[in-house]
Every structure is written in C-alpha cells, then in structure tokens.
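Below you'll find the structure, written out as structure tokens, and then a few comments.
Below, all heavy atoms of this structure are taken into account, side chains as well, without hydrogens, waters or symmetry copies. Whatever order the structure lists ligands and atoms in, that order sets their numbers, starting from 1.
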Amino acid sequence: MKNSLRIGVVGAGAMGADHIDRINNRTAGAHISAIIEPDAARAAQAAENAPGAQLFSNIEEAIAAEAVDAVLIAVPGPFHEPVLVPALEAGLPILCEKPLTPDSESALRIVELEQKLDRPHIQVGFMRRFDPEYNNLRQLIESGEAGELLMLRGIHRNPTVGENYQESMLITDSVVHEFDVIPWLAGSPVVAVEVKYPKTNSLAHSGLREPILVIMELENGVLVDVEMNVNVQFGYQVATEAVFEKGLARIGQPSGMQRWRDGEFLINEHRDFTTRFATAYDRQIQSWVNAVHEGTLVAGPNAFDGYLVALSCEAGVKALDGGVIPVEAAPRPEFYAKNFHGILVEKA
Ligand code: ISE
C-alpha cells in the first residue's frame, strides 16, 4: 500500500458527509485529513465520522497548513469556482461534485487556468459513468454488436422536490447528468436541445411546470428523449433504453428480491440517488484515488467535459421557453484529448 492520500472535503452537507463516510470506510489508499466548512456546527458533526481530521473554515487555510494532498469539493455549484481556483493554483488534484461551475463562461475560465498546469487536475463528479449498467451499455454501443445506435430514451424520476427547487433546476440540477452521460454513451456531443411540456402534474409545487420531455440531438444523428419528472411520488428511477439496428437494450430497471404476496408482485425500488448510484459513487471515488496515486490524477469526466455540460445546460434552460436551441462548443484542446472511460481500476 502506498501512503494514504490525505483528502480535504470542502463542504460538509449531505453529499460531503456521504463522501466522508465513503472515503474513511470504503475506499482503499485514502483518508479524510481535513474538513473545510465555515458552519462550525456542521463541521463538528461531520468530524465525528472523520477521526483525526483538522477543521478549517476555508480552503486557503487548509492549503497553507499543508493539511491536504487532494481536494473533494462538495459545496453547491455557485461556490465551486472560489475553491477550484486556489486548489488549482496549489497544484492539487481535485474531485469536483457536479456541476463544474454554474455557467459556461466560468467553466471556460477554469479550463483556461487548468491548462497552465502540466496535465488535467480536475475530475467532475458525474458518477453515472461509474455505474456498472451504464458501463455495460457503453461497451455494447462501442462494440457494434447490435449494429448502429439509433435512439436513446431516458427516464429520470424523483419522488418529490422541495419548494426551493426552481423550474430551471430541472435542467441544471437534474438533466445535467444526462448532458454528461448521454454523449459519453453515444460517443457524440449534444448539438441541439428542445423541451416539450406534457400535462403538468398538479402535485408539483406552485410555479413548477413538470414533468418535461427533453429532446437532444447528437452530432452523429442519434436522437435522445429524456422524461424529467420530479414528482412521481413512489421512488427514484433512472433508466435508459437504447434502440439499435439489431435489437434493444435496457438498463436501470428496479432490482432486488422479488416477492409474490396477497395477490401482489413486489420488487424493491430505490427511494433516492444515494442508493441507486451507491456503487457508482464508490467506484468513482476509488478510481479517482487510484488515479491520483498513479499520477494520472483524473479517471473520469474532466473540466472540458464539465464545460460542455454547462453549455448544454444553458441551451436546456433557454429551451424551457420554447424552440430548438443549438449548442456550439469551442474545440476540445489537445490537453483534454484523453478519452476517459470510467471503468474501475483495481484498488491501489
Ligand atoms: C440531484 O441533485 C442529483 O444530482 C440526482 O442525481 C438527480 O437525480 C436529482 O434530480 C438532483 O436533484
């Protein structure tokens, strides 16, 4: 075993706390050495699961104290850039929860700053690339075994959302995942986005028009539709159907024990993304830690991928008001050319 990687987690909210538990209890070759959180009560609570971790109220203090070898950013998206900049300037490897930043302009600033380093240092936390079923589907598409991919049909359903969930968040907080994983699956970028409204769910809180149907055109001609629904009431579902020239493939169906009882057939369904993507999160963090040990630093979506997602989200938010909105990206710099597959590498 190489030296254990000292990770500083920035933000000890629900996602940060989940990563603290994952890194200290289920990840080889790493531990939490610092919790960077301005809210003292939240920091103290998170520290209970991170014995020996030092507490800091900002990233600059943790860097000055030489308390971290790598940083995991789990604060909300609008606060990413002020953490990414000093972490990049200190040359630290970074795992940044989605989104990279909330808009393409700031994403491009990060991409430009990162290119001053010798290689990419930022991995963006689009964990679906590490889900075993998504990996299987990608391999099937790449293999050509079922012929050409023609269409992808996605469902993305949440049980309910709070009053703070705004209409634009259907795109920026939820479909943001499809904007990363669909081009990765199909091997082709999004070139246009359209949104259609079915009948609105009366159970959605006031002002939220949902569900929506998001239609994405990919450069290679594959057409994608995604039902984005945040009020299904019963559980959490993320599934994809791929339509090929020679057959179909489906991933993300409910799984677990099946029961027949009192005239009913029962099967487990997820209640939220923490269980649906538990394996993906574990594999994402382990692969990142391994990449840092090996010196490649990034084992998944990089900052340029984060910039492309930000562009698609901007188009998606515009498309909420109607029209087919084009997505026009700057060319991918050579610096970001490597195609990361998100396939698990063995534990370090
Ligand atoms: C949440 O923030 C996530 O990232 C989940 O993966 C997504 O399914 C959910 O819709 C978002 O609100």
Checklist line | Distance, nearest 0.5 Å, that separates CG of Leu84 from CD1 of Ile122 | finding: 5.0 Å
Check: Heavy-atom contact under 4.0 Å between Phe277 and ligand 1?
Finding: no
Note to self: Are Leu170 and Leu203 linked, directly or through intermediate hydrophobic residues, by side-chain heavy-atom contacts shorter than 4.5 Å (ILVMFWY only)?
What the structure shows: no
Next item on the list: Let me know which of Val193, Val176, Ile212 forms a side-chain contact (heavy atoms from CB on, under 4.5 Å) with Ile171.
Entry: Ile212
Margin query: I'd like to check which ligand 1 atoms, numbered from 1 as shown, lie under 4.0 Å from a non-hydrogen atom of His156.
Written below: 7 (C), 8 (O), 10 (O)
Next item on the list: Compare Val230, Leu170, Asp173 and give the one whose heavy atom is closest to atom 2 (O) of ligand 1.
Entry: Asp173
Check: Who's the nearest protein heavy-atom neighbour of atom 5 (C) of ligand 1, and how far?
Finding: Phe273 CD2, 3.5 Å
Item checked: Inter-residue atom distance Glu89.CD - Glu114.CD, 0.5 Å rounding -> 12.5 Å
Next item on the list: If you have a sec, work out which protein heavy atom is nearest atom 9 (C) of ligand 1 and how many Å separate them, to one decimal?
Entry: Asn158 OD1, 3.2 Å
Note to self: Under 3.5 Å, is there a donor on one side chain and an acceptor on the other for Asn231 and Glu210?
What the structure shows: yes
Margin query: So for ligand 1, is Tyr165 a polar contact partner (N or O within less than 3.5 Å, distance only)?
Written below: no
Next item on the list: Check each atom of ligand 1 against the heavy atoms of Ser174 and keep those under 4.0 Å away; list them by number with element.
Entry: 9 (C), 10 (O), 11 (C), 12 (O)
Next item on the list: Work out whether the distance between some heavy atom of Lys98 and some atom of ligand 1 is less than 4.0 Å.
Entry: yes
Notebook entry, point to check: Are Arg209 and Tyr197 in a cation-pi contact, defined as NZ or CZ under 6.0 Å from the six-membered ring centre and within 45° of the axis?
Noted result: yes
Checklist line | Contact atoms of ligand 1, heavy-atom distance to Tyr236 under 4.0 Å | finding: 5 (C), 6 (O), 7 (C), 8 (O)
Check: Distance-only, no hydrogens or angles: does the His80 side chain make a donor-acceptor pair with backbone N or O of Pro99 under 3.5 Å?
Finding: yes
Check: Considering only protein heavy atoms, which is closest to atom 4 (O) of ligand 1, and at what distance to one decimal place?
Finding: His177 NE2, 2.9 Å
